[in-house]
Amino acid sequence: MVATDIENFWMAYDKITTTDDSSLQYRYINELYLEKGSEGLNAIVQVKNYTAKEYIDAIKNYPAFWESLRKNSLSTAFLYGDIESDINKLKSIYPNLSPAVIYFTIGAFRSNGTTSGKNILIGCEMALGDTTTEISEFPDFRQKFYNEFKPKENIALLCTHEYVHTQQKELVHNLLTYCIYEGVAEFISCHATGKVSNTPAIAFGKANEQLVINKFLQDIFVGNPYNWLWGENTNELKVRDLGYYIGYEICERYYNLSADKTAAVRELIELDFTNEDEVERIVDQTKLFPKSLEQLWQDYEDARPKVIAVEPFNNKSNRVEPGFTEIKFLFSQPIDTCCQGLDYGPLGDAAFQAISIENRQFSADGKSWTISLYLEPNKTYQYVLSENFRDATGNRLKPYLIEFKTK
């Protein structure tokens, strides 16, 4: 475990707080902290896109918080025993555990813990808060984090969770995969240590299973991941990180249903997210959802709006009149007029003419969309109506390629 960045931060902090000269403040944060950073600090700065300005602003805006955090952040050595004990418990249920390094750093409030390769990056400004930490200067959502997650009390569990992440394979970027990825780390770390998750979403999900499942199935193929993970939910459930519950429940059920528990742990940790058949097998076996993933996908595909006709000529026409024209697209169901999108076709920009917003128009009922443009003679045009079109429930348009050639 490496904690050299903590002392460097406080050296920079003490210098910064003695002057109002902004040029000196930036010099101190850079020379005394960022430029002297460990591999872990360099990684968390890069992963979370922290800037010198954010550090300076945080130091200025939350003076009482920083003074209250100092003692905890300078006492990380007292935490090592519990952390090592929990990681040894993880190794006992997963003997293939490969080594990782834990770095204790100070960030700017975007992560209490994350990973980069085999490095575990702890943001102590969030991860080491406890009842002695002054949080009154923070906005409500940040105060809620410290109050609900009790971070310092659960630092060993956090490190074990992040340790699991260092063993997992590369993500595929969709909502369900994100949930399983986090669920594996949360379930395995809790199972290994015998501790109860400190993520409130787990208890909420178990107490409101059908409500959460129903909402998740509305979003599973179209939802914004930040409604379910890594932030403040904007859906009506208003519970942070409910995607952790979805993933946790899948993993817990799969483990409980497995005759070979050691194999189940290995399968979950080593899950290849690019193997759709394997992901589907694990999810479907749990019966968490009322239908198989394949059936849920087919239902979604069937519900998606489609382009059903084009006017005044057919798609693929090669005798379109040049000059000013309007092209109308008719949809299978009303489209939410807030969203639209045109992309290149296979021929790229050579067959694409930009169309301003003023020359794009939905019908009043949202069942058609018209573009106005000037067509050159003897030219091939391609446009793709993208998935950015969607209906009122968020179902995305099946992408539609129109191609035609002028006389």
Side-chain angles (χ1 to χ4, degrees), residues 84-100 115 154 156-172 174-199 201-214 216-217 220 228-229 241-299:
E84 289 172 351
S85 175
D86 278 5
I87 291 170
N88 286 334
K89 291 174 184 176
L90 173 61
K91 188 172 180 63
S92 72
I93 68 165
Y94 182 62
N96 294 338
L97 192 72
S98 58
T115 62
N154 292 282
L157 184 60
L158 170 66
C159 290
T160 310
H161 173 108
E162 299 301 336
Y163 217 107
V164 174
H165 279 324
T166 67
Q167 314 297 304
Q168 290 178 283
K169 290 183 168 60
E170 187 174 350
L171 272 167
V172 172
N174 62 62
L175 177 58
L176 179 61
T177 297
Y178 291 148
C179 293
I180 296 173
Y181 174 79
E182 292 294 356
V184 167
E186 191 70 4
F187 170 71
I188 294 295
S189 59
C190 290
H191 172 66
T193 62
K195 295 178 178 178
V196 176
S197 172
N198 67 315
T199 300
I202 307 296
F204 180 90
K206 287 185 174 296
N208 300 274
E209 180 180 298
Q210 204 56 56
L211 175 67
V212 177
I213 296 299
N214 289 345
F216 183 75
L217 292 180
I220 185 170
W228 291 91
L229 299 152
D241 294 337
L242 278 171
Y244 280 64
Y245 161 72
I246 296 294
Y248 187 102
E249 191 71 20
I250 289 169
C251 295
E252 184 177 52
R253 289 186 181 204
Y254 183 75
Y255 177 84
N256 289 338
L257 290 167
S258 298
D260 187 336
K261 306 300 187 188
T262 300
V265 168
R266 184 177 63 252
E267 288 168 357
L268 290 172
I269 292 176
E270 297 177 6
L271 178 60
D272 180 357
F273 294 107
T274 67
N275 187 335
E276 293 183 2
D277 291 339
E278 185 66 3
V279 173
E280 288 183 18
R281 180 187 70 81
I282 288 175
V283 174
D284 290 347
Q285 187 170 322
T286 69
K287 299 190 183 303
L288 179 64
F289 304 140
K291 298 180 180 180
S292 69
L293 285 178
E294 184 176 351
Q295 290 171 319
L296 290 170
W297 174 255
Q298 191 57 57
D299 289 348

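For this chain, numbers begin at 1 and follow the sequence in order. Just so it is clear, the structure is predicted and the values come from calculations on it, not from any experiment.
The side-chain hydrogen bond (donor to acceptor under 3.5 Å, both in side chains) search around Asn174 returns Thr177, not counting sequence neighbours. With sequence neighbours excluded, no residue forms a side-chain hydrogen bond (donor to acceptor under 3.5 Å, both in side chains) with Glu276. Asp272 meets the salt bridge (charged side-chain N to carboxylate O under 4.0 Å, His left out) test with no other residue; sequence neighbours excluded.
A heavy-atom distance below 4.5 Å is found between the side chains of Lys206 and Glu249. By the 4.5 Å heavy-atom criterion applied to side chains, Leu97 and Ile87 are counted as neighbours. Residues Val279 and Val172 fail the side-chain proximity criterion, which asks for heavy atoms closer than 4.5 Å. In this structure, Asp86 and Cys159 have side chains that are not in contact, with every pair of non-hydrogen atoms separated by 4.5 Å or more. Looking only at side-chain heavy atoms (C-beta outward), Leu288 and Val283 stay at 4.5 Å or farther from each other. Residues Gln298 and Glu294 fail the side-chain proximity criterion, which asks for heavy atoms closer than 4.5 Å. A heavy-atom distance below 4.5 Å is found between the side chains of Cys179 and Leu229. In this structure the side chain of Ile246 never reaches within 4.5 angstrom of the side chain of Ile180, judged on heavy atoms.
Scanning both residues, Ala100 and Tyr163, for their nearest heavy atoms gives N-OH, 2.9 Å. Closest of all the heavy-atom pairs between Leu257 and Lys261 is N-NZ, 4.5 Å.
Gln167 and Ser98 share a donor-acceptor pair across their side chains, judged by distance under 3.5 Å alone. For the residue pair Glu186 and Ser197, a side-chain donor N or O sits within less than 3.5 Å of a side-chain acceptor on the partner. A side-chain donor-acceptor contact under 3.5 Å links Tyr94 and Glu270. Judged by distance alone, the side chains of Glu182 and Tyr248 never bring a donor and an acceptor atom under 3.5 Å apart.
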Derivation and outcome, side-chain contact (heavy atoms from CB on, under 4.5 Å), residues Cys190 and Leu157 | CA-CA 7 Å; Cys190 290; Leu157 184 60; 4.2 Å; yes
Would you please test Asn256 and Glu252 for side-chain contact (heavy atoms from CB on, under 4.5 Å) and show each step?
-> CA-CA 6 Å; Asn256 289 338; Glu252 184 177 52; 3.7 Å; yes
Using the side-chain contact (heavy atoms from CB on, under 4.5 Å) rule, take Val164 and Val184 through it: C-alpha gap first, then chi angles, then the decisive distance, then the call.
-> CA-CA 8 Å; Val164 174; Val184 167; 4.2 Å; yes
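Here the straight-line distance linking atom CG of Asn88 with atom CD1 of Ile93 works out to 12.5 Å at 0.5 Å rounding. Atom OH in Tyr255 sits 7.0 Å away from atom OG1 in Thr262 (nearest 0.5 Å). Rounded to the nearest 0.5 angstrom, Lys195 NZ and Thr160 OG1 are separated by 6.5 Å. Put simply, CD on Gln168 and CG on Leu268 are 9.5 Å apart, with the number rounded to the nearest 0.5 Å. The CG atom of Leu242 sits 5.5 Å away from the CH2 atom of Trp228 when rounded to the nearest 0.5 Å. Distance CD/Gln285 to OG/Ser258: 6.0 Å, rounded to 0.5 Å.
Between Arg253 and Glu209, at least one side-chain nitrogen of the basic residue sits less than 4.0 Å from a carboxylate oxygen of the acidic one, meeting the salt-bridge criterion. Contact check on Lys89 versus Glu84 returns no salt bridge, with no Lys/Arg side-chain nitrogen under 4.0 Å from an Asp/Glu carboxylate oxygen.
Between Tyr245 and Phe204, the ring centre distance reaches or exceeds 6.0 Å.
No more than 12 heavy atoms of other residues, nucleotides or ligands sit less than 6.0 Å from atom NZ of Lys287. In Lys91, the NZ atom is crowded: over 12 heavy atoms of neighbouring residues, nucleotides or ligands sit closer than 6.0 Å.
Judged by the 6.0 Å distance and 45° axis criteria, Lys169 is not positioned over the aromatic ring of Phe273.
Aromatic ring pairs are classed by plane angle as parallel below 30°, tilted from 30° to 60° and perpendicular above 60°; the pair Phe289 and Phe216 is parallel. Ring geometry, His165 versus His161: the interplanar angle exceeds 60°, so the pair is classed perpendicular (tilted spans 30 to 60°).
With hydrogens and angles disregarded, no donor-acceptor distance shorter than 3.5 Å links the side chain of Asp241 to the backbone of Tyr244. Panel note: side chain Asn96, backbone Arg266; no donor-acceptor pair is recorded below 3.5 Å. Side chain of Ser292 to backbone of Gln295: a donor-acceptor contact under 3.5 angstrom is found. The main-chain N or O of Ala263 is found under 3.5 Å from a side-chain atom of Asp260 such that the two form a donor-acceptor pair. Listed for the Tyr254 side chain is no donor-acceptor partner under 3.5 Å among the backbone atoms of Ala264.
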